[in-house]
Amino acid sequence: MTAMGILDLPGPVFTWLDQWLSLLLPPVASIAFWGFLCAMASMELYRLLSPQAVIAKLKVALKQSQTQLNSFDGEFADAWPLIRRMLSLALRRIALVFPATIAASLPILLIVVWLDSRHGAAYPPQGTPVQIEVAGGFNGYWTDNAGDRTPGAQIIDQGGQEIATIPLARPVPEVHKRYWWNMLIGNPAGYLADELPFDRVQFNLPRPEVVPVGPSWMRGWDLIFFVVLLLSAIILKFVRRIE
(Lines give C-alpha, C1' and ligand atoms only; values in the text may rest on other atoms or scores of the structure.)
Protein backbone atom coordinates (compact mmCIF):
# COMPACT_ATOMS: atom_id res chain seq x y z
CA MET A 1 0.00 0.00 0.00
CA THR A 2 1.52 3.28 -1.13
CA ALA A 3 2.22 5.88 1.54
CA MET A 4 1.82 8.78 -0.91
CA GLY A 5 -1.31 10.86 -1.30
CA ILE A 6 -2.44 13.00 -4.19
CA LEU A 7 -0.86 16.14 -2.71
CA ASP A 8 2.43 14.26 -2.25
CA LEU A 9 2.86 13.49 -5.96
CA PRO A 10 4.97 16.58 -6.81
CA GLY A 11 7.20 15.87 -3.80
CA PRO A 12 9.96 13.97 -5.67
CA VAL A 13 10.30 16.87 -8.14
CA PHE A 14 10.52 19.38 -5.27
CA THR A 15 13.10 17.20 -3.53
CA TRP A 16 15.22 16.96 -6.69
CA LEU A 17 15.18 20.74 -7.10
CA ASP A 18 15.90 21.28 -3.40
CA GLN A 19 18.93 19.01 -3.59
CA TRP A 20 20.35 21.22 -6.34
CA LEU A 21 19.53 24.34 -4.34
CA SER A 22 21.38 22.92 -1.33
CA LEU A 23 24.58 22.97 -3.40
CA LEU A 24 24.20 26.71 -3.97
CA LEU A 25 22.28 28.10 -1.01
CA PRO A 26 22.33 27.70 2.79
CA PRO A 27 19.18 26.17 4.34
CA VAL A 28 17.69 29.56 5.32
CA ALA A 29 18.01 30.90 1.78
CA SER A 30 16.63 27.68 0.34
CA ILE A 31 13.49 27.88 2.51
CA ALA A 32 13.14 31.57 1.59
CA PHE A 33 13.36 30.64 -2.10
CA TRP A 34 10.48 28.18 -1.71
CA GLY A 35 8.44 30.87 0.03
CA PHE A 36 9.02 33.33 -2.82
CA LEU A 37 8.38 30.70 -5.49
CA CYS A 38 5.17 29.69 -3.77
CA ALA A 39 3.97 33.30 -3.53
CA MET A 40 4.74 33.95 -7.19
CA ALA A 41 2.97 30.79 -8.38
CA SER A 42 -0.06 31.47 -6.20
CA MET A 43 -0.43 35.14 -7.12
CA GLU A 44 0.05 34.55 -10.86
CA LEU A 45 -2.42 31.68 -10.83
CA TYR A 46 -4.95 33.91 -9.08
CA ARG A 47 -4.35 36.72 -11.58
CA LEU A 48 -4.84 34.43 -14.56
CA LEU A 49 -7.98 32.72 -13.24
CA SER A 50 -9.80 35.75 -11.83
CA PRO A 51 -11.63 38.38 -13.99
CA GLN A 52 -9.36 41.26 -13.04
CA ALA A 53 -11.18 43.92 -15.12
CA VAL A 54 -14.57 43.02 -13.64
CA ILE A 55 -13.15 42.93 -10.12
CA ALA A 56 -11.61 46.38 -10.61
CA LYS A 57 -14.98 47.82 -11.72
CA LEU A 58 -16.72 46.18 -8.77
CA LYS A 59 -14.11 47.61 -6.41
CA VAL A 60 -14.80 51.14 -7.68
CA ALA A 61 -18.58 50.63 -7.51
CA LEU A 62 -18.32 49.23 -3.99
CA LYS A 63 -16.24 52.19 -2.83
CA GLN A 64 -18.79 54.60 -4.34
CA SER A 65 -21.62 52.72 -2.64
CA GLN A 66 -19.84 52.91 0.73
CA THR A 67 -19.26 56.64 0.27
CA GLN A 68 -22.95 57.20 -0.54
CA LEU A 69 -24.00 55.22 2.52
CA ASN A 70 -21.58 57.06 4.80
CA SER A 71 -22.84 60.44 3.57
CA PHE A 72 -26.53 59.48 3.83
CA ASP A 73 -28.33 61.62 6.39
CA GLY A 74 -31.86 60.26 6.48
CA GLU A 75 -33.98 57.65 8.20
CA PHE A 76 -32.53 54.17 8.66
CA ALA A 77 -35.39 52.61 6.68
CA ASP A 78 -34.59 54.88 3.72
CA ALA A 79 -31.00 53.66 3.72
CA TRP A 80 -31.91 50.04 2.93
CA PRO A 81 -31.56 50.44 -0.87
CA LEU A 82 -27.99 51.70 -0.36
CA ILE A 83 -27.24 48.89 2.11
CA ARG A 84 -28.64 46.26 -0.25
CA ARG A 85 -26.58 47.58 -3.14
CA MET A 86 -23.40 47.64 -1.05
CA LEU A 87 -23.97 44.08 0.19
CA SER A 88 -24.85 42.91 -3.32
CA LEU A 89 -21.61 44.32 -4.71
CA ALA A 90 -19.56 42.86 -1.87
CA LEU A 91 -21.08 39.39 -2.27
CA ARG A 92 -20.65 39.52 -6.03
CA ARG A 93 -16.98 40.37 -5.58
CA ILE A 94 -16.54 37.44 -3.19
CA ALA A 95 -18.25 35.12 -5.68
CA LEU A 96 -15.91 36.28 -8.44
CA VAL A 97 -12.67 35.81 -6.50
CA PHE A 98 -13.60 32.63 -4.62
CA PRO A 99 -12.83 30.03 -7.36
CA ALA A 100 -9.52 31.69 -8.23
CA THR A 101 -8.61 31.96 -4.54
CA ILE A 102 -9.19 28.25 -4.02
CA ALA A 103 -7.11 27.39 -7.08
CA ALA A 104 -4.34 29.79 -6.01
CA SER A 105 -4.07 28.05 -2.64
CA LEU A 106 -3.05 24.78 -4.31
CA PRO A 107 0.66 25.68 -4.81
CA ILE A 108 0.85 26.72 -1.15
CA LEU A 109 -0.73 23.48 0.00
CA LEU A 110 1.53 21.32 -2.18
CA ILE A 111 4.75 22.98 -1.02
CA VAL A 112 3.74 23.15 2.66
CA VAL A 113 2.92 19.42 2.68
CA TRP A 114 6.27 18.64 1.09
CA LEU A 115 8.30 20.99 3.31
CA ASP A 116 6.74 19.56 6.47
CA SER A 117 7.60 16.06 5.30
CA ARG A 118 11.17 17.07 4.46
CA HIS A 119 11.99 19.41 7.36
CA GLY A 120 9.37 18.67 10.03
CA ALA A 121 11.29 16.06 12.05
CA ALA A 122 14.64 14.27 12.18
CA TYR A 123 16.11 11.12 13.66
CA PRO A 124 17.99 11.74 16.93
CA PRO A 125 21.68 10.89 17.27
CA GLN A 126 22.30 7.20 17.86
CA GLY A 127 21.85 6.30 21.50
CA THR A 128 19.53 9.22 22.24
CA PRO A 129 16.22 8.07 23.79
CA VAL A 130 12.93 9.15 22.20
CA GLN A 131 9.70 9.49 24.14
CA ILE A 132 6.94 7.39 22.56
CA GLU A 133 3.21 7.55 23.23
CA VAL A 134 0.90 4.72 22.19
CA ALA A 135 -2.88 4.96 22.15
CA GLY A 136 -4.80 2.39 24.17
CA GLY A 137 -2.59 2.19 27.26
CA PHE A 138 0.33 0.37 25.65
CA ASN A 139 3.98 1.23 26.28
CA GLY A 140 6.43 2.15 23.55
CA TYR A 141 10.23 1.97 23.60
CA TRP A 142 12.54 3.54 21.05
CA THR A 143 14.82 1.28 19.04
CA ASP A 144 17.53 3.32 17.34
CA ASN A 145 19.32 2.69 14.08
CA ALA A 146 22.17 0.61 15.46
CA GLY A 147 23.92 -1.17 12.60
CA ASP A 148 21.64 -1.47 9.58
CA ARG A 149 18.47 -1.60 11.65
CA THR A 150 15.61 0.76 10.82
CA PRO A 151 14.74 2.86 13.87
CA GLY A 152 11.28 2.54 15.32
CA ALA A 153 9.31 1.49 18.37
CA GLN A 154 8.83 -1.70 20.33
CA ILE A 155 5.27 -1.86 21.66
CA ILE A 156 4.69 -3.65 24.97
CA ASP A 157 1.39 -4.34 26.73
CA GLN A 158 0.74 -3.90 30.47
CA GLY A 159 1.91 -7.45 31.14
CA GLY A 160 5.30 -6.86 29.53
CA GLN A 161 4.55 -8.86 26.39
CA GLU A 162 5.71 -7.51 23.04
CA ILE A 163 2.76 -6.69 20.81
CA ALA A 164 4.49 -5.29 17.73
CA THR A 165 7.61 -3.66 16.37
CA ILE A 166 6.89 -0.51 14.39
CA PRO A 167 9.68 0.50 11.98
CA LEU A 168 10.02 4.21 11.29
CA ALA A 169 11.29 4.31 7.71
CA ARG A 170 11.07 8.12 7.61
CA PRO A 171 11.38 10.61 10.50
CA VAL A 172 7.75 11.55 11.17
CA PRO A 173 6.10 12.47 14.49
CA GLU A 174 3.28 9.92 14.16
CA VAL A 175 2.44 6.60 12.55
CA HIS A 176 -1.24 5.66 12.48
CA LYS A 177 -3.72 3.47 10.70
CA ARG A 178 -4.74 4.59 7.25
CA TYR A 179 -7.64 7.07 7.14
CA TRP A 180 -9.66 8.39 4.20
CA TRP A 181 -7.77 11.69 4.14
CA ASN A 182 -4.51 9.85 3.50
CA MET A 183 -5.68 9.70 -0.10
CA LEU A 184 -4.79 13.40 -0.14
CA ILE A 185 -1.85 13.59 2.27
CA GLY A 186 0.04 10.37 2.87
CA ASN A 187 2.29 9.37 5.72
CA PRO A 188 5.82 8.87 4.32
CA ALA A 189 6.59 6.31 7.03
CA GLY A 190 3.62 4.13 6.09
CA TYR A 191 0.69 2.96 8.23
CA LEU A 192 -0.14 0.63 11.08
CA ALA A 193 -1.73 -2.70 10.25
CA ASP A 194 -5.50 -2.75 10.70
CA GLU A 195 -5.37 -5.74 13.06
CA LEU A 196 -3.18 -4.00 15.66
CA PRO A 197 -4.99 -3.13 18.93
CA PHE A 198 -3.85 0.52 18.86
CA ASP A 199 -4.55 3.27 16.31
CA ARG A 200 -1.43 5.43 16.46
CA VAL A 201 2.12 5.71 17.76
CA GLN A 202 3.58 9.16 18.45
CA PHE A 203 7.32 9.82 18.32
CA ASN A 204 8.77 12.87 20.07
CA LEU A 205 11.50 13.37 17.48
CA PRO A 206 13.74 16.43 17.42
CA ARG A 207 12.78 19.25 15.06
CA PRO A 208 15.47 20.27 12.55
CA GLU A 209 16.79 23.78 13.15
CA VAL A 210 17.12 25.89 10.02
CA VAL A 211 17.92 29.11 11.90
CA PRO A 212 20.81 28.63 14.35
CA VAL A 213 19.81 31.48 16.69
CA GLY A 214 16.70 32.62 18.54
CA PRO A 215 14.01 30.80 20.53
CA SER A 216 13.17 27.24 19.55
CA TRP A 217 9.80 28.13 18.01
CA MET A 218 11.45 30.30 15.34
CA ARG A 219 14.25 27.96 14.36
CA GLY A 220 12.21 25.65 12.12
CA TRP A 221 11.36 25.98 8.44
CA ASP A 222 7.82 27.28 8.89
CA LEU A 223 8.47 30.81 10.23
CA ILE A 224 10.92 31.69 7.45
CA PHE A 225 8.68 30.20 4.78
CA PHE A 226 5.47 31.94 5.80
CA VAL A 227 7.12 35.33 6.43
CA VAL A 228 8.72 35.29 2.97
CA LEU A 229 5.49 33.98 1.45
CA LEU A 230 3.41 36.77 2.97
CA LEU A 231 5.83 39.59 2.18
CA SER A 232 6.39 38.34 -1.37
CA ALA A 233 2.64 38.05 -1.99
CA ILE A 234 2.07 41.63 -0.80
CA ILE A 235 4.90 42.97 -3.00
CA LEU A 236 3.71 41.00 -6.03
CA LYS A 237 0.15 42.24 -5.53
CA PHE A 238 1.29 45.85 -5.93
CA VAL A 239 3.94 45.23 -8.59
CA ARG A 240 1.59 43.13 -10.75
CA ARG A 241 -1.44 45.33 -9.88
CA ILE A 242 -3.54 42.35 -8.89
CA GLU A 243 -7.06 43.09 -7.69
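The closest side-chain heavy-atom distance from S50 to L96 is not below 4.5 Å. No side-chain heavy atom of L205 sits less than 4.5 Å from a side-chain heavy atom of P173. Between L49 and P99 there is no side-chain heavy-atom pair separated by less than 4.5 Å. Between F203 and P171 there is no side-chain heavy-atom pair separated by less than 4.5 Å. Side-chain contact check for V172 versus P188: some heavy-atom pair is nearer than 4.5 Å. Using a 4.5 Å cut-off on side-chain heavy atoms (C-beta onward), L229 and I108 make contact. Looking only at side-chain heavy atoms (C-beta outward), I31 and F33 stay at 4.5 Å or farther from each other. In this structure, F138 and P197 have side chains that are in contact, with non-hydrogen atoms separated by less than 4.5 Å.
A side-chain donor-acceptor contact under 3.5 Å links N70 to the backbone of Q66. Within the 3.5 Å criterion, the main-chain N or O of P124 finds no donor-acceptor partner in the side chain of T128. Proximity of a side-chain donor or acceptor of S88 to a complementary backbone N or O of R84 within less than 3.5 Å is not detected. Using modelled atom types, no side-chain atom of K59 and backbone atom of R93 make a donor-acceptor pair closer than 3.5 Å. Although no hydrogens or angles enter the test, the distance criterion places no donor-acceptor pair under 3.5 Å between the side chain of S30 and the main chain of P26. S65 places no side-chain N or O within donor-acceptor distance of the main-chain N or O of L62, the cut-off being under 3.5 Å. Side-chain atoms of D116 never come within 3.5 Å of backbone atoms of V113 as a donor-acceptor pair (strictly under, hydrogens ignored). At least one donor-acceptor pair closer than 3.5 Å links the side chain of D144 to the backbone N or O of G127. For Y46 (side chain) and E243 (main-chain N/O), a donor-acceptor pair under 3.5 Å exists by modelled atom type.
One hydrophobic cluster, built from ILVMFWY side chains closer than 4.5 Å, holds both L17 and L115. Placement of L236 and I55 within a single hydrophobic cluster is found when ILVMFWY residues are connected by side-chain heavy-atom separations under 4.5 Å, directly or transitively. Cluster membership for L24 and W16, using ILVMFWY side-chain heavy atoms within less than 4.5 angstrom, is shared. By the rule that hydrophobic residues join a cluster once side-chain heavy atoms approach within less than 4.5 Å of another member, V28 and W217 end up as members of separate clusters. Connection of L37 to V227 is not established within any shared hydrophobic cluster, with ILVMFWY side chains joined at heavy-atom distances below 4.5 Å, either directly or through further cluster members.
Crowding of R92 atom CZ: a count of heavy atoms from other residues, nucleotides or ligands under 6.0 Å not exceeding 12. For M183, the CE atom is loosely surrounded, since the number of other residues' heavy atoms within 6.0 Å does not exceed 12. Environment of CH2 in W181: crowded, with over 12 heavy atoms of neighbouring residues, nucleotides or ligands closer than 6.0 Å. Applying the 6.0 Å contact sphere to CD of Q161 captures no more than 12 heavy atoms from other residues, nucleotides or ligands.
The two residues A189 and R170 have their closest heavy-atom pair at CB-O, 3.8 Å. A pairwise comparison of heavy atoms in D199 and A135 identifies N-CB, 4.4 Å as the closest pair. Considering every non-hydrogen atom in both R241 and Q52, the closest pair reads O-OE1, 4.0 Å. Shortest non-hydrogen contact noted between R207 and D222 is NH2-OD1, 2.6 Å. When all heavy atoms of S105 and S42 are compared, the pair lying nearest together is N-OG, 4.4 Å. Nearest heavy atom pair, residue L9 against residue P12, reads O-CD, 3.2 Å.
Taking OG1 of T15 as the start and CG of L21 as the end, the distance is 11.5 Å to the nearest 0.5 Å. Taken to the nearest 0.5 Å, the CG atom of L69 stands 12.0 Å off from the CZ atom of R85. Atom CG of L48 is separated from atom CD1 of I242 by 9.0 Å, given to the nearest 0.5 angstrom. Atom-to-atom distance recorded for L110:CG and I6:CD1 is 11.0 Å, nearest 0.5 angstrom. With rounding to the nearest 0.5 angstrom, the CG atom of L45 is 11.5 Å from the CD1 atom of I102. The CD1 atom of I166 sits 10.5 Å away from the CD atom of Q154 when rounded to the nearest 0.5 Å.
For the residue pair S117 / D8, no side-chain donor-acceptor distance below 3.5 Å is found, with atom types taken as modelled. With 3.5 Å as the limit, one finds a donor-acceptor pair spanning the side chains of E174 and Q202. Remark: the S71 side chain and the Q68 side chain contain no N/O donor-acceptor pair separated by less than 3.5 Å.
Of the charged side-chain nitrogens involved, at least one lies within less than 4.0 Å of a carboxylate oxygen, so that D18 and R118 count as a salt-bridged pair. Electrostatic pairing of R200 and E133 does not count as a salt bridge here, judged by no charged N lying under 4.0 Å from a carboxylate O.
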| message | Is there a side chain to side chain contact (heavy atoms under 4.5 Å, CB included) between F36 and L231? Walk through the geometry before answering. | response | CA-CA 9 Å; F36 173 76; L231 293 178; over 6 Å; no

| Step by step, would you call L230 with V228 a side chain to side chain contact (heavy atoms under 4.5 Å, CB included)? | CA-CA 6 Å; L230 179 61; V228 173; over 6 Å; no

| said: Using the rule given for side chain to side chain contact (heavy atoms under 4.5 Å, CB included), can you reason through I132 versus Y141, listing the C-alpha separation, both sets of side-chain angles and the distance that settles it, and then say yes or no? | reply: CA-CA 6 Å; I132 296 175; Y141 299 93; 5.7 Å; no

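Only one option out of I155, V175, N187 pairs with L192 in a side-chain contact (heavy atoms from CB on, under 4.5 Å); it is V175.
Residue pairs meeting the ring pair (Phe, Tyr, Trp, His ring centres under 6.0 Å) criterion with at least one member in residues 97-132, sequence neighbours excluded, are F14-W114, W34-W114.
Residues passing the side-chain hydrogen bond (donor to acceptor under 3.5 Å, both in side chains) test with W142, sequence neighbours excluded: none.
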